[in-house]
Amino acid sequence: MAEPTIEDYFVENRTFPPSAAFVEQAVVKDRSLYEEAAADLEAFWARQARELISWFDPFDTVLEWELPFAKWFLGGTLNVSYNCLDRHVEAGRGDKVAFHWEGEPGDTRTITYADLLREVAMFANALKGLGVERGDRVAIYMPMIPELPVAMLACTRIGAAHSVIFGGFSPDSIVDRVNDAECKVIITADGGWRRGTVAPLKPNVDAALPGTHSVQHVVVVRRGENEVEMVEGRDHWYHDLMASASADCPPEHMGSEDLLYLLYTSGTTAKPKGIMHTTGGYLTQVAFTHKVVFDIHPETDVYWCAADVGWVTGHSYIVYGPLTNGVTSVMYEGTPDTPGRDRLWAIAEKYGVTQLYTAPTAIRMFMKWGDEEPAKHDLSSLRVLGTVGEPINPEAWMWYHEHIGGSRCPIVDTWWQTETGGHMVTPLPGVIPTKPGSATIPVPGVFGEVVDDDGKPIEKGGGYWTLSRPWPSMLRGIWGDPERYRETYWSRFPGRYFAGDGAKIDDDGYIWFLGRVDDVMNVSGHRISTTEVESALVDHPAVAEAAVVGATDPLTGQAIVGYVILRQAYESSPELVEEIRQHVATKIGPTARPKAVIIVPDLPKTRSGKIMRRLLRDVLEHRDLGDTTTLADASVVAEIQTRATESPTED
Ligand code: WTA
């Protein structure tokens, strides 16, 4: 028999079917959507596009597929801001709350659909006044304030594409992104609140501007009230522009395949890629998945995605999906530990949140902070919980299920990427029983397979996760670089999209994501996924969070080294370290026992919360650490370097 592509160790047998009460009220109650999509993919998506989206002109061609370039809903014209705003107001729902916004210091704003439409139309006119035209690109570098979705929607209203740059990025990142897309205008704020202080933004834009060549105007929202310099003629206060803007701005009729936005993904080394998303297909899949995956009842739900709009999760599931579906959302500016470690639970209780969507890294942090924080609040309004961004360890899943979901809420573990635009693999909560740590099966209308090294589909075990058919919200390319698009996603397995994740399939056909294949370790010829060893580590009661890497080893090729953060009640000791190593061996087998376990106070993460395993390998192998600018907190690495040299590696 051939060597397995990635081995399969971790066995997780718990299953959680939805309760009868949940199924009873669910948006989707049975498998008919899966069957409909399998029978005719194009007809399925065409129906969603017609039912969920308002078109000015109907489309005549559902899909034009010239691998790897897809075009969806050709001939159709629409406007995204019209779909998100006008049509709800026209239907008499203008007074419905679009956003319950909460600032970090505790200030709040309640914004109805009518308010949002008015503000968007006015700002769209303000942008026109600055010379922004259909087809232009506009950069947005803002905190999590209502003007951020306003800016995005104003761009869509006039047919300009936005490029949102996450507010935590440095001036250099702004320069690269603004230049690549040749943005005409940058929309920013003086600053925004983070962990009790104002993080400046406009000063970063000022530092970036000398390196750019296309920017004609900068618009500045007043939020942090920090001191900023304004250059006459170039820089404009948002409130000044709005004071004289008309609220009459008819939406542009955009083609289905017109560019909606660029969002840059930073590879760890190379130049960031401007991922291109277009209009009709993107909005269709995002609206569809938002509705069926979160089980959205727009009349009664208060939905909350606690990500940042600077990431794709915020684009699709704070702005475009929820507004297209006309639901009421919560939007929060700040950090989860300000003023206390129960801030999210206080907000959820205050607004009666029904769906909460967050990341495994946040959940593990909440676990570390202790059960008592959520216990201070009444979370009984919650109905569905979601996760995104990384594989979730079964123990973190169970904690989320019990301590946040009251053992009552289905958890939708959503696998997708900036490139996929919307959810791809995740359960429909009223239909698919969940298993802790599995994203379950592809959503209706999405088709993927796990393949081996030769690209042959496998039905059980570990391999590479690929998408075998086009989907409406797929990226349309990399801005300015069609060759890099082909090379990055379509060259490893001919005819298939592959963006680097390992996965295994179990006996029930459920998919378990195993992390990035670049991180897979090779120990004495066994290909072991970091995710499985990390899940076994987090399974130990003392462990809050873990990151595992393969370090070069003369004997075994690579040796497994686990970096571990302890839960608050535990103290590091040689006995505990030994017990944790042994726990992995018991849980998934001796081959996967870490050679060393190093207790650390924190782990290096990107600003979106993904563990940077490359850095951990570099530390162990005494390599120069290279580019660390994408780190959320650079001081973490120095601390880890110290601990790594102090900890003996054992056998
Ligand atoms: C990882 C975020 C396992 C994966 C929407 C993917 C996940 C990358 C999951 C994309 C999940 C995201 N289970 N892994 N539920 N969700 N990932 O572009 O490695 O920031 O390729 O998009 O995150 O990250 P991105």
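For ligands, and for the atoms within them, numbers begin at 1 and follow the listed sequence. Residue indices begin at 1 and follow the sequence shown.
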Practice item. Quick one: do W345 and F366 satisfy ring-ring contact (aromatic ring centres under 6.0 Å, His included)? Show the steps, please. Key: CA-CA 10 Å; W345 321 125; F366 301 142; 5.0 Å; yes
Exercise for review: Return the orientation label for the F166 and F169 ring planes: parallel under 30°, perpendicular over 60°, tilted otherwise.
Suggested key: perpendicular
Practice item. Fit a plane to each ring of H277 and Y282, take the angle between them on a 0 to 90° scale, and name the class: parallel (under 30°), tilted (30 to 60°) or perpendicular (over 60°). Key: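 Answer is tilted, since the angle falls between 30° and 60°.
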Exercise for review: Examine K273 relative to Y264 and say whether NZ or CZ is less than 6.0 Å from the centre of the six-membered ring and inside a 45° cone about the ring axis.
Suggested key: no
Point to revise | Residue shell around ligand 1, heavy atom under 4.0 angstrom | key: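 The answer is V312, T313, V388, G389, E390, P391, D413, T414, W415, W416, Q417, T418, D501, F513, R516, K610, counting any residue whose heavy atom sits under 4.0 Å from ligand 1.
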**Study point:** Residue pairs passing the ring pair (Phe, Tyr, Trp, His ring centres under 6.0 Å) test where at least one lies in residues 419-447, sequence neighbours excluded
**Key:** F294-H423, Y317-H423, Y357-H423, W416-H423
Check your understanding: Salt bridge or not for D507 and K460, using N-O below 4.0 Å?
Key -> yes
